[in-house]
Every structure is written in structure tokens, then in C-alpha cells.
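Below: one structure, written as C-alpha cells.
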2 protein chains.
Amino acid sequence: MAEDFDLNDASDATHLGASQRVYLGIMEDLEARRMVPGQRLIETDLAKRFNVGRNAVREAIQRLAVRGVIDPSRNKSPAIRCIDLKETLEILDVAAALTGLAAHAAARAFDAAQDQLALDTAMAALENVDTDSGPGHFSRARRQFYRVILSIGGNRELERLFPAIGMHIIYSQFQSPKLQQLRMTDYRAIRDAIVSGNANCAESAARNHVEHVRAIILKSEQE
Amino acid sequence: MAEDFDLNDASDATHLGASQRVYLGIMEDLEARRMVPGQRLIETDLAKRFNVGRNAVREAIQRLAVRGVIDPSRNKSPAIRCIDLKETLEILDVAAALTGLAAHAAARAFDAAQDQLALDTAMAALENVDTDSGPGHFSRARRQFYRVILSIGGNRELERLFPAIGMHIIYSQFQSPKLQQLRMTDYRAIRDAIVSGNANCAESAARNHVEHVRAIILKSEQE
DNA sequence: GGAACAAGATTGTAGAACAATCAACAGGCC
DNA sequence: GGCCTGTTGATTGTTCTACAATCTTGTTCC
């Protein structure tokens with residue numbers, strides 16, 4: 001469960017399955033911009049690179065395809081999924097609905113004694129990252145933030161589905177400095193609403209955040 | 001795209017990939033109740049049954065796992081996912097949000113000239129199926145109904161994510177006669193709201209439907 | 001009856017092998 | 001020169017074999 005979040009531990013451990021190693025390795029590459037949308041994935045290359053059999057690569061590719069990270073087509077090398085503006089907006093519609101639900105559930109289930117620490121820790125990690133800023137550090141912190149929210153909400157189906165939203169690709173294609181600023185205030189609002197226990201307020205805050213992202217993308221695209 | 005809906009064409013065609021054949025075959029088994037939650041999947045058995053290599057089976061299993069249809073654990077045969085009442089309700093929360101979004105988008109984008117026929121056809125298929133009623137026939141018609149709605153809405157991300165909701169499992173575990181009756185009136189309401197073009201009304205109708213399902217499950221579980 | 005061991009079943013993994021398909025390039029034809 | 005076409009190499013789709021690691025089950029011994 002929540003296997004997708006285990007991006008945190010890198011391509012190191014051998015106790016992970018071979019296909020898992022490939023899967024995580026590619027996700028990490030994507031996050032670190034070592035792979036860009038449109039880039040093709042060659043089975044034999046990946047097999048050599050990760051020191052695994054071609055089978056394992058193919059299994060990883062199946063999972064990436066279901067997750068919408070890559071765009072497979074019969075008898076051709078799959079490529080990192082490219083999305084145009086229209087599809088980006090579609091993804092944001094889905095993200096608004098599910099992020100709203102996640103915040104709603106978290107606010108509803110919030111228990112200070114149990115959840116306050118984890119939430120504050122995740123928030124602090126977000127605040128501290130913008131200075132040193134490795135390329136993927138902020139992404140990791142953001143993922144952790146959402147992971148905590150999902151965990152508080154306690155909806156396992158949402159925990160499973162949420163990482164499948166194509167936000168990866170959006171963040172990998174669009175990266176505006178305004179996004180960085182905006183996010184912190186939005187995240188704080190979401191956290192405060194969750195702590196306050198007002199589910200509808202938390203849902204609004206989450207939806208607002210997604211709409212802010214939409215506005216910035218639309219604006220930056222207009223130029 | 002929308003590969004998951006291709007359950008319609010069965011295990012026949014050889015033009016499908018081997019792993020695809022296994023994937024669809026298992027989904028079909030699940031729908032026809034030939035496989036029940038908790039049942040284990042043995043790689044070699046499936047390979048023999050579908051006349052494919054073990055690799056292909058493993059690829060199919062990866063996809064089923066990501067989709068939440070099966071519950072894999074290291075070094076053990078994966079089993080069809082079992083869900084308790086609590087998780088069922090969690091799934092319904094997600095279903096309410098995404099079904100609502102689907103109906104909303106469809107109502108917003110509805111164009112009579114282009115969409116009326118498909119919607120009416122899907123609706124008619126639903127009305128006609130309860131008499132002859134093979135076991136999976138209603139499921140097929142329902143899937144087609146949702147497929148049309150998603151297609152009208154035109155949100156590709158939602159089309160991708162929607163079939164990943166664990167409704168399969170719910171319908172496979174709970175099957176009350178009340179469900180059958182209820183659905184038709186609900187579906188008509190959804191269709192009418194979509195045709196009317198009132199997005200909020202359509203969203204409400206969809207959410208109401210999911211809540212009706214929830215109520216029936218809760219009631220049938222209380223006994 | 002319970003614990004330790006042995007045998008079989010099943011998964012995890014790598015690799016070889018081959019057909020089918022695709023992409024790119026070369027060569028010939030108009 | 002430009003266009004069609006065949007060849008060639010690259011890549012995927014697929015099955016098979018092989019073996020280690022692990023789980024499961026049944027048996028034996030105390």
C-alpha cells in the first residue's frame with residue numbers, strides 16, 4: 001500500500017523487487033528532470049542500466065502505463081507522456097475533486113493528539129526546503145505533505161488513487177517561480193483548515209489551491 | 001486509451017497482446033463471479049489457462065495490482081482484493097466525488113446533435129437487459145453507460161482514472177435485488193440532468209446515486 | 001500434541017531465442 | 001531532383017528454460 005510514495009528511498013536497496021527498482025528509478029528520473037516528456041524508454045537500455053532482466057523492465061512499464069506516466073503504443077517504445085494545455089486543465093479538474101476530498105476527509109478525521117505532530121513536521125519540511133533546494137527536494141516534501149493529509153483522512157482508496165493523478169507530468173512540464181511562492185501560503189491555509197476540523201473549509205482551501213495553480217498555468221501559457 | 005473498457009470484446013481476439021488477454025480474462029471472470037474476493041491467482045495456472053507465457057501473466061498481475069483489483073504480497077500468490085464494510089464506504093466516498101465530476105463535465109459539454117444518440121442507446125441497453133439478464137450483461141451495460149458519460153465530458157484524465165475506482169469489488173461482493181431497481185431510476189435522473197445541461201444538477205444526481213448505493217449496502221449489512 | 005524437519009509448490013529473476021513490427025536509409029525509377 | 005521501394009537494423013512481443021529464494025504442507029520424532 002502507498003507503494004508509490006516509497007520514492008523516498010532511492011534505487012539503493014536490493015530488498016526491493018527488480019521491477020520495483022526500475023519503476024522507482026524512472027519516477028525519480030522524471031522528478032529530477034533527467035527524463036523529459038516525450039522521451040522514449042528502450043527496454044534493453046533500462047535493463048542494462050538497472051541491472052535487471054528485460055522482464056522486470058516490462059513489468060515496470062506496465063505499471064507506469066496504468067499510472068499514466070508513460071504513453072505506450074503497440075510495437076513502439078513507450079514515451080514519457082506529453083500533455084497539452086487542454087489535458088493539463090482536465091487533470092486539474094480531477095485534482096481539484098480529489099484534493100478537495102482528501103482535505104475534507106482529513107479535516108473530518110483530524111485528531112490533534114495523533115496527527116498534529118506529523119502535519120507540523122511535514123509543513124516544516126516544506127518551509128525549510130526552498131533555501132537549499134535540490135531539484136527534487138521540494139517535490140519530495142510536497143509528496144510527504146499530501147501523504148500525511150491522506151493518512152489523516154484514512155481513506156485507503158483515495159490513498160491508492162491520489163498518486164495516480166497526472167500531477168507529476170504537470171509539475172515536470174510547467175515550473176514557474178510564482179508556483180513556488182503561491183504554494184506555501186496555500187498549503188498553510190489547507191493545514192489550518194484541517195487543524196480547525198472544518199471539513200468544508202478544508203475542501204475549499206484545497207480546491208482553491210488547485211485553482212490557483214490553474215490560473216498561473218493559464219497566465220504563463222498566454223505569453 | 002480507455003483500454004479498460006474493452007472488456008466488451010472477450011478473450012477472443014489474438015490481435016490483443018498476451019498480457020492484455022489475461023488482464024481482460026481475469027476482469028471478466030471477476031465480473032461473472034467465476035472468481036470471488038480472496039481467491040488466489042497462481043501464475044502457472046493462469047499461464048496454462050490462457051495459453052501464454054508466465055511473463056505475460058506477471059505483466060497482467062502488475063496491472064491488476066495497480067488497479068487495486070488484486071492484493072499482492074511478496075513471495076505469495078496475489079489474491080482478489082477483499083474489502084470490509086469500512087473500506088467499501090471509503091471507496092464510495094471516492095466514487096461520489098469522481099462520478100459527480102463525470103456527470104458535471106458531461107452536462108457542461110453536452111451537445112445534443114453529437115451526444116444524444118449515444119446516451120439514449122446506452123440507456124436503452126440498460127433498460128432492456130434486466131429481462132434476459134446474463135450475469136455480466138448488466139455490468140456491461142452499466143459500464144457502457146458510464147463510458148458514454150465520460151466520453152461526453154471529454155476529460156481524458158477522468159476517463160483514465162474512473163475505471164480504477166474499486167467499484168468492481170463492491171459489485172462483486174454486494175449484490176442486492178434492491179440495487180437493480182434503484183439504479184434504473186437513478187440512471188434516468190442522471191441522464192436527464194446531463195441532457196438538460198445543468199452541470200450542478202447532474203453532479204447532484206450522480207452523487208445521490210452513489211449515496212443511494214451506500215444506504216442500501218449499509219442497510220443490508222445491518223441485518 | 002507440539003516442534004523440527006523434509007518435500008513440493010510457487011514466486012522472483014535472469015537470460016536465450018525467435019517472430020513481428022517499425023524506422024531509417026539506400027537505391028532505383030520517373 | 002524528387003518519389004517510391006526494398007533492405008537492414010533496432011525494438012518490441014512472446015515463449016521457454018533455468019535456478020535461487022521463499023512459502024506451504026505434510027511427516028516424523030519426541
Side-chain angles (χ1 to χ4, degrees), chain A residues 1 3-4 6 9-26 29 35-36 38-82, chain B residues 1 3-4 6 9-26 29 35-36 38-82:
Chain A
M1 195 162 306
E3 25 158 292
D4 287 270
D6 298 351
D9 48 6
S11 53
D12 50 346
T14 55
H15 64 82
L16 287 174
S19 74
Q20 185 82 351
R21 231 153 46 220
V22 178
Y23 176 84
L24 294 177
I26 291 176
D29 281 0
M35 275 182 170
V36 296
Q39 186 170 345
R40 298 192 350 174
L41 302 177
I42 312 292
E43 291 180 2
T44 50
D45 291 359
L46 295 173
K48 267 183 288 193
R49 181 166 147 225
F50 290 102
N51 273 318
V52 298
R54 197 150 74 90
N55 295 348
V57 173
R58 286 179 64 83
E59 288 176 21
I61 284 181
Q62 298 291 335
R63 293 170 42 184
L64 290 166
V66 178
R67 276 300 163 87
V69 176
I70 63 177
D71 185 16
S73 49
R74 173 119 188 154
N75 285 320
K76 278 202 323 191
S77 307
I80 304 286
R81 182 161 152 228
C82 272
Chain B
M1 196 162 308
E3 26 159 291
D4 286 86
D6 298 351
D9 48 5
S11 54
D12 50 345
T14 54
H15 64 81
L16 287 173
S19 74
Q20 186 81 352
R21 231 154 46 221
V22 177
Y23 176 84
L24 295 177
I26 291 176
D29 280 0
M35 276 181 171
V36 296
Q39 185 169 346
R40 299 192 348 173
L41 302 176
I42 313 290
E43 292 179 1
T44 49
D45 290 0
L46 295 173
K48 267 183 289 194
R49 181 166 147 225
F50 290 102
N51 273 319
V52 298
R54 196 150 73 90
N55 294 344
V57 173
R58 286 179 64 83
E59 287 177 20
I61 285 181
Q62 299 290 335
R63 291 168 46 184
L64 290 166
V66 178
R67 277 299 163 86
V69 175
I70 64 177
D71 185 16
S73 50
R74 174 119 187 155
N75 285 321
K76 279 204 320 194
S77 306
I80 305 286
R81 181 160 152 230
C82 272

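Protein chains get the first letters and strands the later ones, always in sequence-line order, with residue 1 at the start of each.
Relative to the ring axis of B:Phe50, B:Arg21 does not place its NZ or CZ within 45° and under 6.0 Å from the centre.
Taking side-chain N and O atoms only, B:Ser77 has no distance below 4.0 Å to OP1 or OP2 of D:dC23.
For the pair A:Leu16 and B:Arg74, the tightest heavy-atom approach, listed with the atom from each and the gap, is C-NH1, 4.0 Å. What you find for A:Ala56 and A:Ala18 is that their closest heavy atoms are CB-CB, 3.8 Å.
Whole-Å rounding puts the B:Asp45 CG to C:dT11 C1' distance at 13 Å. Spacing between atom CD1 of A:Ile70 and atom C1' of D:dT12 amounts to 13 Å, rounded to whole angstrom units. Whole-Å rounding puts the A:Lys48 NZ to C:dA14 P distance at 15 Å. Spacing between atom CD of B:Glu43 and atom C1' of C:dT10 amounts to 8 Å, rounded to whole angstrom units. The interatomic distance linking A:Asn51 (CG) with C:dG15 (C1') rounds to 14 Å, in whole Å. Going from atom NZ of B:Lys76 over to atom P of C:dG12 covers 12 Å, rounded to whole Å. Separating the CG atom of B:Asn55 from the P atom of C:dA16 is a distance of 14 Å, rounded to the nearest angstrom. Taking atom CD of residue A:Glu59 and atom P of nucleotide D:dG13, one finds them 14 Å apart after rounding to whole Å.
Side chain of A:Ala18, nearest nucleotide from D:dC23, C:dT13, D:dT15: C:dT13. Taking every side-chain heavy atom of B:Arg74 into account, C:dT13 is the closest of D:dT15, C:dT13, D:dT14. Comparing D:dT12, D:dT15, C:dA23 against the side chain of B:Arg21 picks out D:dT15 as the nearest. Checked against D:dT12, C:dG12, D:dT24, the side chain of B:Arg58 finds its nearest nucleotide in C:dG12.
Residue A:Arg54 places a side-chain atom within donor-acceptor reach of the base of D:dT14, judged by atom type and a 3.5 Å distance cut-off alone.
Taking the side chain as every heavy atom from C-beta outward, B:Ile26 and B:Leu46 approach each other to under 4.5 Å. Between B:Thr44 and B:Arg54, some side-chain heavy-atom pair lies under the 4.5 Å cut-off.
A residue-by-residue look at B:Asn75 and A:Ile42 shows that A:Ile42 has its nearest nucleotide of DNA chain D further toward the 5' end.
Using a 4.0 Å heavy-atom cutoff across all strands shown, A:Leu41 reaches sugar-phosphate atoms only and no base atom.
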